[in-house]
Q: 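What follows is a single structure, and I will ask about it in a moment.
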Amino acid sequence: MSPETMVNDITGLLEVWVAGWAGCRGYRTSSEGRFPAALRADTTGEWEFFGSEPTDVEFAALAAKTAEVPARGLTILTNDLARFSVLALQHGLNVTSDSQAMMIVDMETQDAEDPWLSDDDLALTTSVQDGVHYAVVRSGDTLAASGRVFVVGETAVFDKIITEPAFQRRGLGSFIMRALAAKAFEHDVQTGLLLASLDGQKLYSHLGWTTVSRVLMLSASRDGADLSLS
């Protein structure tokens with residue numbers, strides 16, 4: 001499926017992203033109505049529900065399932081944050097994050113070559129396990145940056161792109177993305193997908209990614225969770 005086709009099918013895009021995100025983390029997936037869900041076994045131990053521009057009735061059903069347990073979360077892809085923020089309050093949910101974005105890229109625009117590090121004190125290690133490709137940069141025994149990618153059909157879903165504070169502003173975020181893209185190209189990929197924080201959106205925009213939807217995260221608890229990192 002081409003990036004253009006995916007953008008015109010946000011619900012389909014969401015399904016692919018959840019499948020890739022869950023694949024990156026080894027989560028079990030299910031569905032709630034026409035939308036996906038994932039069991040966050042390594043963090044909350046509870047279900048995360050997802051929806052893309054749900055109707056009021058669909059939102060009410062998702063909100064009801066979310067509110068059953070405080071540790072559950074509901075993530076909505078929407079470009080109408082105000083509408084769903086109001087609906088959330090009406091159904092007893094709190095906004096835990098409204099600054100993230102779903103981003104997409106045509107993988108043909110990305111560098112397919114293995115990158116190299118200009119700093120002699122840094123070393124890249126790549127590995128693959130259960131279909132997940134990992135890239136890690138270390139300075140000696142110290143972790144500097146890391147990330148992972150999982151391929152769903154013709155889509156590479158990138159996850160947990162992290163540069164440690166002591167190593168920021170050295171281009172390692174871009175380096176990790178290039179290293180993971182090179183691994184993704186071992187598969188027949190056309191599209192890249194990820195969920196980005198505010199800082200990440202600047203990086204990925206620089207690398208040619210575009211925003212397709214805002215992301216609203218909700219919970220019955222006031223303790224939010226950043227899905228792009230946690």
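The basis for the numbers below is simple: all heavy atoms, side chains too, and nothing from hydrogens, waters or symmetry mates. Since this is a predicted model, take the numbers as computed values, not measurements.
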Q: Please determine whether side chain to side chain contact (heavy atoms under 4.5 Å, CB included) holds for the pair V157 and V151, giving the CA-CA distance in whole Å, both sets of side-chain angles, and the decisive distance to 0.1 Å.
A: CA-CA 6 Å; V157 179; V151 174; over 6 Å; no
Q: Distance-only, no hydrogens or angles: does the E15 side chain make a donor-acceptor pair with backbone N or O of F35 under 3.5 Å?
A: no
Q: Are T75 and F49 close enough that some pair of their side-chain heavy atoms sits under 4.5 Å apart?
A: no
Q: Looking only at atom types and distance, does a side-chain atom of N94 sit under 3.5 Å from a main-chain N or O of T96, one as donor and one as acceptor?
A: no
Q: Taking all atoms of both residues into account, what is the closest heavy-atom pair of M103 and S205, and its distance?
A: CE-OG, 3.7 Å
Q: Do L62 and V69 belong together in a cluster built from hydrophobic side chains that touch within less than 4.5 Å?
A: no
Q: Locate the shortest heavy-atom distance separating Y27 from D42; write the atom from each residue and the value.
A: OH-OD1, 2.5 Å
Q: Would you list the pairs meeting ring pair (Phe, Tyr, Trp, His ring centres under 6.0 Å) in which at least one residue belongs to residues 107-163, sequence neighbours left out?
A: H133-H187, F158-W209
Q: How long is the span from the CG atom in D159 to the CG atom in L195, to the nearest 0.5 Å?
A: 9.0 Å
Q: Nearest 0.5 angstrom please: H91 NE2 to D56 CG, how far?
A: 7.0 Å
Q: I need the L74 CG to T66 OG1 distance, nearest 0.5 Å.
A: 4.0 Å
Q: Determine whether the side chains of T211 and Q201 contain a donor N or O and an acceptor N or O closer than 3.5 Å.
A: no
Q: Might you work through the side chain to side chain contact (heavy atoms under 4.5 Å, CB included) test for E154 and T191, ending with a clear yes or no?
A: CA-CA 7 Å; E154 297 179 335; T191 306; over 6 Å; no
Q: Heavy atoms, side chains only, cut-off 4.5 Å: are T126 and K183 in contact?
A: yes
Q: If you apply the rule side chain to side chain contact (heavy atoms under 4.5 Å, CB included), what do you find for L216 with S85, and how did you get there?
A: CA-CA 8 Å; L216 185 68; S85 296; 3.9 Å; yes
Q: Which atom names give the shortest non-hydrogen contact between I10 and S52, and what distance separates them?
A: CG2-CB, 3.8 Å
Q: Does any non-hydrogen side-chain atom of Y204 lie less than 4.5 Å from one of L194?
A: yes
Q: Nearest 0.5 Å, what's the OG1-CD distance between T142 and E164?
A: 10.0 Å
Q: Minimum heavy-atom separation for M107 to G192, with atom names?
A: CG-N, 3.6 Å
Q: Do the side chains of V136 and V132 join up, straight or via other hydrophobic residues, at under 4.5 Å, putting them in one cluster?
A: no
Q: Test salt bridge (Lys or Arg N to Asp or Glu O under 4.0 Å) on R34 and E58; report intermediate values, then the result.
A: CA-CA 9 Å; R34 66 185 179 98; E58 288 174 328; 2.5 Å; yes
Q: Would you call R170 and D121 a salt bridge, taking side-chain N to carboxylate O under 4.0 Å as the test?
A: yes
Q: Between R178 and D114, is there a donor-acceptor pair closer than 3.5 Å when you use the side chain of the first and the backbone of the second?
A: no
Q: Does any non-hydrogen side-chain atom of I104 lie less than 4.5 Å from one of T210?
A: yes
Q: Could you tell me whether the side chain of L193 reaches within less than 4.5 Å of the side chain of V16, counting heavy atoms only?
A: yes
Q: Would you compute the distance between atom CG of D199 and atom CD1 of I161 and round it to the nearest 0.5 angstrom?
A: 14.0 Å
Q: Determine whether F167 and L143 make a side-chain contact, defined as any pair of heavy atoms from C-beta on separated by less than 4.5 Å.
A: no
Q: Can you name the closest pair of heavy atoms from L124 and A179 and give their distance?
A: CD2-CB, 4.1 Å
Q: Would a 4.5 Å heavy-atom cut-off, applied to side chains only, mark D98 and M217 as touching?
A: no
Q: For residues R148 and L180, report the shortest heavy-atom separation together with the two atoms involved.
A: N-CD1, 3.4 Å
Q: Are L81 and F84 connected in a single hydrophobic cluster, I mean Ile/Leu/Val/Met/Phe/Trp/Tyr linked by side-chain heavy atoms less than 4.5 Å apart?
A: yes
Q: Rounded to the nearest 0.5 Å, how far does CD of E53 lie from OG1 of T78?
A: 3.5 Å
Q: What's the verdict on side chain to side chain contact (heavy atoms under 4.5 Å, CB included) for L207 and S174, showing C-alpha distance, side-chain angles and the deciding distance?
A: CA-CA 8 Å; L207 296 177; S174 297; 4.0 Å; yes
Q: Report yes if the side chains of L117 and D119 come closer than 4.5 Å at any heavy-atom pair, otherwise no.
A: no
Q: Here's a test for you: under salt bridge (Lys or Arg N to Asp or Glu O under 4.0 Å), which of R28, R40, R72 qualifies with E48?
A: R40
